[in-house]
Amino acid sequence: EKGGYDHFMLKEIMEQPQAIFDSMRGRLDLEKLTITLSGIEQYAEQICKANRIVIVSCGTSWHAGLVAEYLIEELCRINVEVEYASEFRYRNPIINEGDVILAISQSGETADTLVALENAKSKGAIILGVVNVVGSSIARLSHAGAYTHAGPEIGVASTKAFTAQLTVLELIALKIAYIKKSIDDDQYAHLLNELNAVPDKVQAILDSQIPKIREIARKYKDARDFLYLGRGYNFPIALEGALKLKEITYIHAEGYPAAEMKHGPIALVDENLPVVFVATKDRYHEKIVSNIQEVKARKGHVIAVITEGDEVSKQLAEDYIEIPEADEIVAPILSVIPLQLLSYYIGVERNQDVDKPRNLAKSVTVE
Ligand code: F6R
(Lines give C-alpha, C1' and ligand atoms only; values in the text may rest on other atoms or scores of the structure.)
Protein backbone atom coordinates (compact mmCIF):
# COMPACT_ATOMS: atom_id res chain seq x y z
CA GLU A 1 0.00 0.00 0.00
CA LYS A 2 2.99 2.28 0.54
CA GLY A 3 4.12 1.46 -2.97
CA GLY A 4 7.51 0.18 -1.80
CA TYR A 5 8.27 3.27 0.30
CA ASP A 6 8.91 3.15 4.05
CA HIS A 7 6.24 5.73 4.77
CA PHE A 8 3.16 7.28 3.22
CA MET A 9 4.78 10.67 3.63
CA LEU A 10 7.66 9.74 1.33
CA LYS A 11 5.32 8.03 -1.13
CA GLU A 12 3.16 11.16 -1.27
CA ILE A 13 6.16 13.45 -1.68
CA MET A 14 7.27 11.28 -4.60
CA GLU A 15 3.77 11.33 -6.12
CA GLN A 16 3.84 15.09 -6.53
CA PRO A 17 4.76 15.22 -10.22
CA GLN A 18 1.65 13.11 -10.90
CA ALA A 19 -0.59 15.03 -8.45
CA ILE A 20 0.38 18.34 -10.07
CA PHE A 21 -0.05 16.93 -13.55
CA ASP A 22 -3.46 15.48 -12.65
CA SER A 23 -4.55 18.83 -11.22
CA MET A 24 -3.86 20.47 -14.60
CA ARG A 25 -5.05 17.63 -16.85
CA GLY A 26 -8.07 18.52 -18.97
CA ARG A 27 -7.79 22.10 -17.71
CA LEU A 28 -4.63 23.58 -19.13
CA ASP A 29 -4.40 23.35 -22.92
CA LEU A 30 -1.04 24.60 -24.12
CA GLU A 31 -1.89 24.41 -27.81
CA LYS A 32 -5.02 26.47 -27.58
CA LEU A 33 -3.62 28.50 -24.67
CA THR A 34 -6.78 27.97 -22.66
CA ILE A 35 -7.67 27.09 -19.08
CA THR A 36 -10.95 25.30 -18.54
CA LEU A 37 -12.42 25.58 -15.04
CA SER A 38 -16.18 25.46 -15.39
CA GLY A 39 -16.91 26.25 -11.73
CA ILE A 40 -14.84 29.42 -11.91
CA GLU A 41 -16.17 30.46 -15.33
CA GLN A 42 -19.68 30.32 -13.96
CA TYR A 43 -18.81 33.03 -11.44
CA ALA A 44 -16.27 34.89 -13.58
CA GLU A 45 -18.26 38.10 -13.75
CA GLN A 46 -18.75 38.31 -9.98
CA ILE A 47 -15.11 37.46 -9.34
CA CYS A 48 -13.85 40.10 -11.77
CA LYS A 49 -16.13 42.70 -10.23
CA ALA A 50 -15.38 41.74 -6.62
CA ASN A 51 -13.95 44.47 -4.39
CA ARG A 52 -11.98 41.80 -2.61
CA ILE A 53 -11.57 38.08 -2.34
CA VAL A 54 -11.31 36.62 1.14
CA ILE A 55 -9.39 33.37 1.41
CA VAL A 56 -10.31 31.21 4.40
CA SER A 57 -8.33 28.16 5.50
CA CYS A 58 -6.11 26.61 8.20
CA GLY A 59 -2.57 25.26 8.51
CA THR A 60 -0.86 24.22 5.32
CA SER A 61 -3.94 25.22 3.32
CA TRP A 62 -3.59 28.70 4.81
CA HIS A 63 -0.04 28.82 3.46
CA ALA A 64 -1.40 27.97 0.01
CA GLY A 65 -3.81 30.86 0.54
CA LEU A 66 -0.91 33.25 1.16
CA VAL A 67 0.69 32.26 -2.14
CA ALA A 68 -2.68 32.79 -3.80
CA GLU A 69 -2.89 36.28 -2.31
CA TYR A 70 0.35 37.27 -4.02
CA LEU A 71 -0.76 35.60 -7.26
CA ILE A 72 -4.24 37.04 -7.47
CA GLU A 73 -3.17 40.54 -6.48
CA GLU A 74 -0.36 40.56 -8.99
CA LEU A 75 -2.03 38.84 -11.93
CA CYS A 76 -5.67 39.84 -11.44
CA ARG A 77 -5.29 43.17 -9.59
CA ILE A 78 -8.01 42.19 -7.12
CA ASN A 79 -7.57 42.90 -3.43
CA VAL A 80 -7.14 39.67 -1.45
CA GLU A 81 -7.25 38.97 2.27
CA VAL A 82 -6.11 35.69 3.75
CA GLU A 83 -7.74 34.67 6.98
CA TYR A 84 -7.26 31.89 9.50
CA ALA A 85 -10.73 30.34 9.47
CA SER A 86 -10.83 30.23 13.27
CA GLU A 87 -10.13 33.96 13.61
CA PHE A 88 -12.44 34.94 10.80
CA ARG A 89 -15.44 33.09 12.14
CA TYR A 90 -15.30 34.40 15.69
CA ARG A 91 -14.86 38.06 15.04
CA ASN A 92 -18.14 38.89 13.33
CA PRO A 93 -16.42 39.64 10.02
CA ILE A 94 -17.80 42.19 7.58
CA ILE A 95 -19.36 40.29 4.71
CA ASN A 96 -21.48 41.90 2.05
CA GLU A 97 -23.78 40.35 -0.51
CA GLY A 98 -21.69 39.24 -3.49
CA ASP A 99 -18.35 39.09 -1.63
CA VAL A 100 -16.22 36.25 -2.91
CA ILE A 101 -14.91 33.80 -0.32
CA LEU A 102 -12.34 31.25 -1.48
CA ALA A 103 -12.00 28.23 0.80
CA ILE A 104 -8.96 25.97 0.61
CA SER A 105 -9.08 22.56 2.28
CA GLN A 106 -7.56 19.17 1.62
CA SER A 107 -10.06 17.18 3.69
CA GLY A 108 -13.06 19.41 3.10
CA GLU A 109 -14.04 18.66 6.71
CA THR A 110 -12.05 21.15 8.80
CA ALA A 111 -14.57 22.43 11.35
CA ASP A 112 -13.27 25.99 11.63
CA THR A 113 -13.24 26.43 7.85
CA LEU A 114 -16.66 24.86 7.44
CA VAL A 115 -18.38 27.05 10.03
CA ALA A 116 -16.68 30.20 8.72
CA LEU A 117 -18.09 29.39 5.29
CA GLU A 118 -21.57 28.64 6.58
CA ASN A 119 -21.63 32.07 8.23
CA ALA A 120 -20.39 33.84 5.12
CA LYS A 121 -22.83 31.96 2.92
CA SER A 122 -25.77 32.95 5.10
CA LYS A 123 -24.77 36.60 4.60
CA GLY A 124 -24.91 36.26 0.83
CA ALA A 125 -21.26 35.62 -0.07
CA ILE A 126 -20.26 33.53 -3.04
CA ILE A 127 -18.30 30.51 -1.80
CA LEU A 128 -15.66 28.99 -4.05
CA GLY A 129 -13.85 25.86 -2.89
CA VAL A 130 -10.45 24.41 -3.68
CA VAL A 131 -10.88 21.00 -2.06
CA ASN A 132 -9.24 17.60 -2.46
CA VAL A 133 -11.85 15.20 -1.08
CA VAL A 134 -14.72 14.87 -3.53
CA GLY A 135 -18.16 15.24 -1.98
CA SER A 136 -16.77 16.46 1.36
CA SER A 137 -18.70 18.95 3.52
CA ILE A 138 -16.83 22.02 2.23
CA ALA A 139 -17.16 20.85 -1.37
CA ARG A 140 -20.92 20.45 -0.91
CA LEU A 141 -21.31 23.80 0.78
CA SER A 142 -19.43 25.70 -1.94
CA HIS A 143 -21.35 27.29 -4.80
CA ALA A 144 -18.59 26.29 -7.19
CA GLY A 145 -14.87 25.69 -7.26
CA ALA A 146 -12.17 23.44 -8.61
CA TYR A 147 -11.04 20.19 -7.07
CA THR A 148 -7.39 19.41 -6.54
CA HIS A 149 -6.60 16.01 -8.01
CA ALA A 150 -3.94 14.94 -5.51
CA GLY A 151 -5.57 11.57 -4.78
CA PRO A 152 -5.91 10.28 -1.22
CA GLU A 153 -3.40 11.75 1.23
CA ILE A 154 -2.77 9.34 4.11
CA GLY A 155 0.25 10.90 5.83
CA VAL A 156 -1.01 13.32 8.44
CA ALA A 157 1.30 16.11 7.28
CA SER A 158 0.12 17.61 4.05
CA THR A 159 2.53 17.38 1.09
CA LYS A 160 1.03 16.53 -2.29
CA ALA A 161 -2.26 18.18 -1.36
CA PHE A 162 -0.36 21.44 -0.87
CA THR A 163 1.39 21.42 -4.26
CA ALA A 164 -1.89 20.42 -5.91
CA GLN A 165 -3.56 23.38 -4.17
CA LEU A 166 -0.88 25.73 -5.47
CA THR A 167 -1.37 24.34 -8.97
CA VAL A 168 -5.13 24.86 -8.96
CA LEU A 169 -4.75 28.34 -7.43
CA GLU A 170 -2.33 29.24 -10.23
CA LEU A 171 -4.89 28.06 -12.77
CA ILE A 172 -7.63 30.10 -11.13
CA ALA A 173 -5.48 33.25 -10.99
CA LEU A 174 -4.43 32.87 -14.62
CA LYS A 175 -8.01 32.18 -15.73
CA ILE A 176 -9.31 35.32 -14.01
CA ALA A 177 -6.38 37.39 -15.26
CA TYR A 178 -7.13 36.24 -18.81
CA ILE A 179 -10.81 37.12 -18.51
CA LYS A 180 -10.02 40.48 -16.90
CA LYS A 181 -7.24 41.14 -19.39
CA SER A 182 -5.09 42.20 -16.47
CA ILE A 183 -2.04 40.48 -17.98
CA ASP A 184 -0.96 40.69 -21.60
CA ASP A 185 -1.08 37.77 -24.02
CA ASP A 186 2.67 37.13 -23.99
CA GLN A 187 2.82 37.00 -20.23
CA TYR A 188 -0.22 34.71 -20.18
CA ALA A 189 1.32 32.31 -22.71
CA HIS A 190 4.64 32.40 -20.86
CA LEU A 191 3.05 31.55 -17.51
CA LEU A 192 0.98 28.72 -18.99
CA ASN A 193 4.20 27.22 -20.31
CA GLU A 194 5.92 27.71 -16.96
CA LEU A 195 3.08 25.97 -15.12
CA ASN A 196 3.02 23.13 -17.62
CA ALA A 197 6.74 22.53 -17.04
CA VAL A 198 6.36 22.16 -13.25
CA PRO A 199 5.78 18.36 -13.01
CA ASP A 200 9.03 17.58 -14.85
CA LYS A 201 10.94 20.08 -12.74
CA VAL A 202 9.57 18.56 -9.53
CA GLN A 203 10.64 15.18 -10.84
CA ALA A 204 14.14 16.54 -11.49
CA ILE A 205 14.40 17.69 -7.85
CA LEU A 206 13.26 14.29 -6.59
CA ASP A 207 15.72 12.52 -8.89
CA SER A 208 18.78 14.57 -8.02
CA GLN A 209 18.62 16.22 -4.59
CA ILE A 210 17.75 13.45 -2.13
CA PRO A 211 21.33 12.35 -1.28
CA LYS A 212 22.24 15.96 -0.49
CA ILE A 213 19.10 16.48 1.61
CA ARG A 214 19.77 13.28 3.60
CA GLU A 215 23.26 14.53 4.34
CA ILE A 216 21.89 17.86 5.61
CA ALA A 217 19.30 15.97 7.67
CA ARG A 218 22.00 13.92 9.39
CA LYS A 219 24.05 17.02 10.08
CA TYR A 220 21.23 18.94 11.78
CA LYS A 221 19.08 16.20 13.31
CA ASP A 222 19.99 17.29 16.85
CA ALA A 223 19.40 21.01 16.37
CA ARG A 224 17.10 22.58 18.93
CA ASP A 225 15.66 25.32 16.73
CA PHE A 226 15.49 26.22 13.06
CA LEU A 227 14.71 29.49 11.34
CA TYR A 228 13.17 29.55 7.83
CA LEU A 229 13.34 32.72 5.74
CA GLY A 230 11.97 33.68 2.34
CA ARG A 231 10.64 36.73 0.51
CA GLY A 232 7.80 37.32 -1.91
CA TYR A 233 6.32 34.13 -3.31
CA ASN A 234 8.77 32.17 -1.18
CA PHE A 235 7.72 33.75 2.11
CA PRO A 236 4.74 31.39 2.56
CA ILE A 237 7.09 28.53 1.68
CA ALA A 238 9.33 29.51 4.60
CA LEU A 239 6.26 29.26 6.85
CA GLU A 240 5.34 25.90 5.37
CA GLY A 241 8.91 24.58 5.78
CA ALA A 242 8.85 25.54 9.46
CA LEU A 243 5.43 23.95 9.99
CA LYS A 244 6.53 20.68 8.35
CA LEU A 245 9.64 20.57 10.55
CA LYS A 246 7.65 21.09 13.75
CA GLU A 247 5.10 18.44 12.84
CA ILE A 248 7.43 15.74 11.65
CA THR A 249 10.54 16.17 13.84
CA TYR A 250 9.25 18.06 16.92
CA ILE A 251 12.12 20.51 16.49
CA HIS A 252 11.06 24.07 17.14
CA ALA A 253 11.06 26.16 13.96
CA GLU A 254 9.88 29.57 12.90
CA GLY A 255 9.24 30.96 9.47
CA TYR A 256 9.61 34.67 8.72
CA PRO A 257 9.77 37.03 5.78
CA ALA A 258 13.54 37.41 5.39
CA ALA A 259 13.45 41.18 5.77
CA GLU A 260 11.73 40.86 9.16
CA MET A 261 14.81 39.12 10.53
CA LYS A 262 16.38 42.40 11.55
CA HIS A 263 13.29 43.35 13.54
CA GLY A 264 13.78 40.59 16.09
CA PRO A 265 14.64 37.04 15.07
CA ILE A 266 18.25 37.97 14.27
CA ALA A 267 18.80 37.95 18.05
CA LEU A 268 18.47 34.15 17.89
CA VAL A 269 21.31 33.68 15.42
CA ASP A 270 24.46 32.07 16.83
CA GLU A 271 26.73 29.12 16.02
CA ASN A 272 23.99 26.67 17.00
CA LEU A 273 21.22 27.92 14.72
CA PRO A 274 20.55 26.44 11.28
CA VAL A 275 18.80 28.98 9.04
CA VAL A 276 17.03 27.73 5.93
CA PHE A 277 16.83 30.34 3.20
CA VAL A 278 14.41 29.89 0.33
CA ALA A 279 16.57 31.94 -2.02
CA THR A 280 15.68 31.13 -5.60
CA LYS A 281 16.41 33.66 -8.36
CA ASP A 282 13.66 36.23 -8.41
CA ARG A 283 13.25 39.97 -8.11
CA TYR A 284 14.29 39.85 -4.44
CA HIS A 285 17.39 37.79 -4.96
CA GLU A 286 19.99 40.41 -4.15
CA LYS A 287 18.16 41.32 -0.98
CA ILE A 288 18.01 37.77 0.26
CA VAL A 289 21.70 37.32 -0.50
CA SER A 290 22.44 40.16 1.89
CA ASN A 291 20.23 38.48 4.51
CA ILE A 292 22.35 35.34 4.05
CA GLN A 293 25.48 37.40 4.66
CA GLU A 294 23.97 38.81 7.84
CA VAL A 295 23.35 35.31 9.20
CA LYS A 296 26.84 34.16 8.23
CA ALA A 297 28.41 37.15 9.94
CA ARG A 298 26.79 35.93 13.17
CA LYS A 299 28.03 32.36 12.65
CA GLY A 300 24.60 30.91 11.84
CA HIS A 301 24.54 27.81 9.62
CA VAL A 302 23.05 28.66 6.23
CA ILE A 303 21.13 26.01 4.31
CA ALA A 304 19.86 27.53 1.07
CA VAL A 305 17.37 26.38 -1.54
CA ILE A 306 18.77 27.99 -4.67
CA THR A 307 18.29 28.09 -8.42
CA GLU A 308 20.53 25.73 -10.40
CA GLY A 309 23.70 27.45 -11.50
CA ASP A 310 23.52 30.30 -8.95
CA GLU A 311 27.24 30.33 -8.17
CA VAL A 312 27.05 33.31 -5.81
CA SER A 313 24.62 31.55 -3.47
CA LYS A 314 26.61 28.31 -3.69
CA GLN A 315 29.68 30.12 -2.46
CA LEU A 316 27.82 31.75 0.39
CA ALA A 317 25.77 28.86 1.75
CA GLU A 318 27.22 26.20 4.02
CA ASP A 319 24.85 23.72 2.39
CA TYR A 320 22.64 24.20 -0.62
CA ILE A 321 19.90 22.36 -2.48
CA GLU A 322 19.41 23.20 -6.16
CA ILE A 323 16.11 23.46 -7.98
CA PRO A 324 15.50 24.15 -11.68
CA GLU A 325 15.06 27.70 -12.90
CA ALA A 326 11.41 28.80 -13.03
CA ASP A 327 9.34 31.97 -13.15
CA GLU A 328 8.91 33.27 -9.60
CA ILE A 329 5.18 32.77 -9.91
CA VAL A 330 5.50 28.98 -10.08
CA ALA A 331 8.69 28.75 -7.98
CA PRO A 332 6.87 27.99 -4.68
CA ILE A 333 5.64 24.66 -6.09
CA LEU A 334 9.29 23.71 -6.60
CA SER A 335 10.93 25.29 -3.57
CA VAL A 336 8.68 23.54 -1.06
CA ILE A 337 9.78 20.07 -2.25
CA PRO A 338 13.27 20.15 -0.63
CA LEU A 339 11.74 21.45 2.61
CA GLN A 340 9.26 18.56 2.75
CA LEU A 341 12.11 16.12 2.17
CA LEU A 342 14.33 17.78 4.78
CA SER A 343 11.61 17.40 7.43
CA TYR A 344 10.95 13.84 6.39
CA TYR A 345 14.59 12.76 6.61
CA ILE A 346 15.22 14.56 9.90
CA GLY A 347 12.10 12.82 11.26
CA VAL A 348 13.45 9.47 10.06
CA GLU A 349 16.88 10.18 11.61
CA ARG A 350 15.15 10.92 14.90
CA ASN A 351 13.03 7.74 14.66
CA GLN A 352 9.75 9.62 14.73
CA ASP A 353 6.45 8.28 13.50
CA VAL A 354 6.46 10.53 10.45
CA ASP A 355 3.10 9.36 9.11
CA LYS A 356 1.32 9.95 12.41
CA PRO A 357 2.97 12.68 14.43
CA ARG A 358 1.85 12.85 18.04
CA ASN A 359 -1.23 14.93 18.90
CA LEU A 360 -2.22 15.50 15.26
CA ALA A 361 -5.20 14.25 13.27
CA LYS A 362 -5.63 14.13 9.52
CA SER A 363 -8.77 16.15 9.57
CA VAL A 364 -9.56 18.50 12.39
CA THR A 365 -13.30 18.21 12.82
CA VAL A 366 -13.32 19.80 16.27
CA GLU A 367 -13.04 23.52 16.93
C1 F6R B 1 -0.19 20.39 8.01
C2 F6R B 1 -1.58 19.97 7.98
C3 F6R B 1 -2.62 20.86 8.59
C4 F6R B 1 -3.78 21.06 7.61
C5 F6R B 1 -4.92 21.84 8.27
C6 F6R B 1 -6.03 22.14 7.28
O7 F6R B 1 0.65 19.46 7.46
O8 F6R B 1 -1.89 18.94 7.44
O9 F6R B 1 -2.08 22.08 8.97
O10 F6R B 1 -3.30 21.71 6.48
O11 F6R B 1 -5.42 21.12 9.36
O12 F6R B 1 -6.59 20.97 6.80
P13 F6R B 1 -7.52 20.95 5.52
O14 F6R B 1 -6.68 21.37 4.37
O15 F6R B 1 -7.96 19.51 5.41
O16 F6R B 1 -8.65 21.90 5.77
Side-chain angles (χ1 to χ4, degrees), residues 7-13 15-16 19 23 55-68 82-89 101-118 120 127-142 145-169 228 236-251 253-255 332 336-337 339-344 346-347 352-367:
H7 302 98
F8 282 110
M9 184 179 178
L10 184 58
K11 171 176 179 272
E12 290 162 4
I13 289 173
E15 281 171 352
Q16 287 178 109
S23 296
I55 298 179
V56 177
S57 47
C58 305
T60 289
S61 297
W62 184 79
H63 297 152
L66 285 181
V67 175
V82 190
E83 299 270 3
Y84 286 115
S86 54
E87 288 296 315
F88 187 68
R89 63 177 280 205
I101 309 280
L102 177 60
I104 306 173
S105 177
Q106 187 287 127
S107 62
E109 302 297 344
T110 302
D112 282 320
T113 309
L114 186 60
V115 179
L117 297 176
E118 280 167 355
I127 314 292
L128 302 177
V130 172
V131 174
N132 195 47
V133 177
V134 176
S136 56
S137 303
I138 294 173
R140 282 184 279 121
L141 182 139
S142 302
Y147 279 113
T148 47
H149 294 162
E153 193 179 61
I154 311 290
V156 164
S158 186
T159 54
K160 64 175 180 170
F162 178 67
T163 47
Q165 286 168 345
L166 295 180
T167 303
V168 169
L169 293 163
Y228 284 73
I237 300 308
L239 298 184
E240 174 61 9
L243 178 62
K244 284 289 90 95
L245 194 77
K246 281 181 273 208
E247 292 178 298
I248 302 301
T249 74
Y250 313 147
I251 297 173
E254 291 195 51
V336 74
I337 308 286
L339 305 188
Q340 297 168 340
L341 286 163
L342 183 62
S343 297
Y344 172 76
I346 295 179
Q352 310 297 15
D353 188 355
V354 294
D355 282 340
K356 277 193 196 313
R358 65 186 181 203
N359 309 337
L360 295 175
K362 186 64 191 160
S363 63
V364 185
T365 51
V366 292
E367 301 184 17

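One-based numbering, in listed order, for ligands and for the atoms of each. Since we're looking at a predicted model, the values are computed, not measured. Index from 1, following the sequence. These numbers come from the heavy atoms of this one structure, side chains and all, not from hydrogens, waters or symmetry mates.
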Would you sort out whether Ser61 and Gln165 count as a side chain to side chain contact (heavy atoms under 4.5 Å, CB included), showing the intermediate values? CA-CA 8 Å; Ser61 297; Gln165 286 168 345; 3.0 Å; yes
Near [X], which atoms of ligand 1 are under 4.0 Å from a heavy atom of that residue?
| X | answer |
| --- | --- |
| Ser105 | 13 (P), 14 (O), 15 (O), 16 (O) |
| Ala157 | 7 (O) |
| Ser61 | 10 (O), 13 (P), 14 (O) |

Please determine which of Asp112, Thr110, Leu141 meets the side chain to side chain contact (heavy atoms under 4.5 Å, CB included) test together with Leu117. Leu141
Partner of Glu12 under side chain to side chain contact (heavy atoms under 4.5 Å, CB included), picked from Thr163, Ile154, Asp355, is Ile154
Considering non-hydrogen atoms of the protein only, which is the closest contact for [atom], and what is the distance?
| atom | answer |
| --- | --- |
| atom 11 (O) of ligand 1 | Val364 CG2, 4.0 Å |
| atom 2 (C) of ligand 1 | Glu247 OE2, 3.7 Å |
| atom 12 (O) of ligand 1 | Thr110 OG1, 3.4 Å |
| atom 4 (C) of ligand 1 | Thr60 N, 4.0 Å |

Gln165-ligand 1 polar pair, N/O distance under 3.5 Å: no
For ligand 1 and Lys362, I'd like to know whether there is a polar contact (N/O to N/O, distance under 3.5 Å). no
Does Lys246 have more than 12 heavy atoms from other residues, nucleotides or ligands lying within 6.0 Å of its NZ? yes
Sequence-distant partners of Glu254, salt bridge (charged side-chain N to carboxylate O under 4.0 Å, His left out), two or more places apart: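 Scan of Glu254 (salt bridge (charged side-chain N to carboxylate O under 4.0 Å, His left out), adjacent residues dropped) gives none.
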Give me the one residue out of Lys244, Glu247, Gln106 that meets side-chain hydrogen bond (donor to acceptor under 3.5 Å, both in side chains) with Thr60.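 When Lys244, Glu247, Gln106 are each tested with Thr60, the side-chain hydrogen bond (donor to acceptor under 3.5 Å, both in side chains) holds only for Lys244.
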Non-hydrogen atom of [X] closer than 4.0 Å to ligand 1:
| X | result |
| --- | --- |
| Cys58 | yes |
| Lys244 | yes |
| Ile138 | no |

Region of Val156 that comes within reach of ligand 1 [heavy atoms, distance under 4.0 Å]: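 Looking at Val156 and ligand 1, just backbone atoms fall under 4.0 Å.
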Where do Trp62 and Thr113 land on the side chain to side chain contact (heavy atoms under 4.5 Å, CB included) test, with the steps shown first? CA-CA 10 Å; Trp62 184 79; Thr113 309; over 6 Å; no
Name all residues meeting the ring-ring contact (aromatic ring centres under 6.0 Å, His included) criterion together with Tyr250; count only those two or more places apart in sequence or in a different chain, and write none if there are none.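 So Tyr250 forms no ring-ring contact (aromatic ring centres under 6.0 Å, His included) with any residue.
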Is Glu118 paired with Arg89 through a side-chain N to carboxylate O contact shorter than 4.0 Å?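 Salt bridge flag = no for Glu118 with Arg89.
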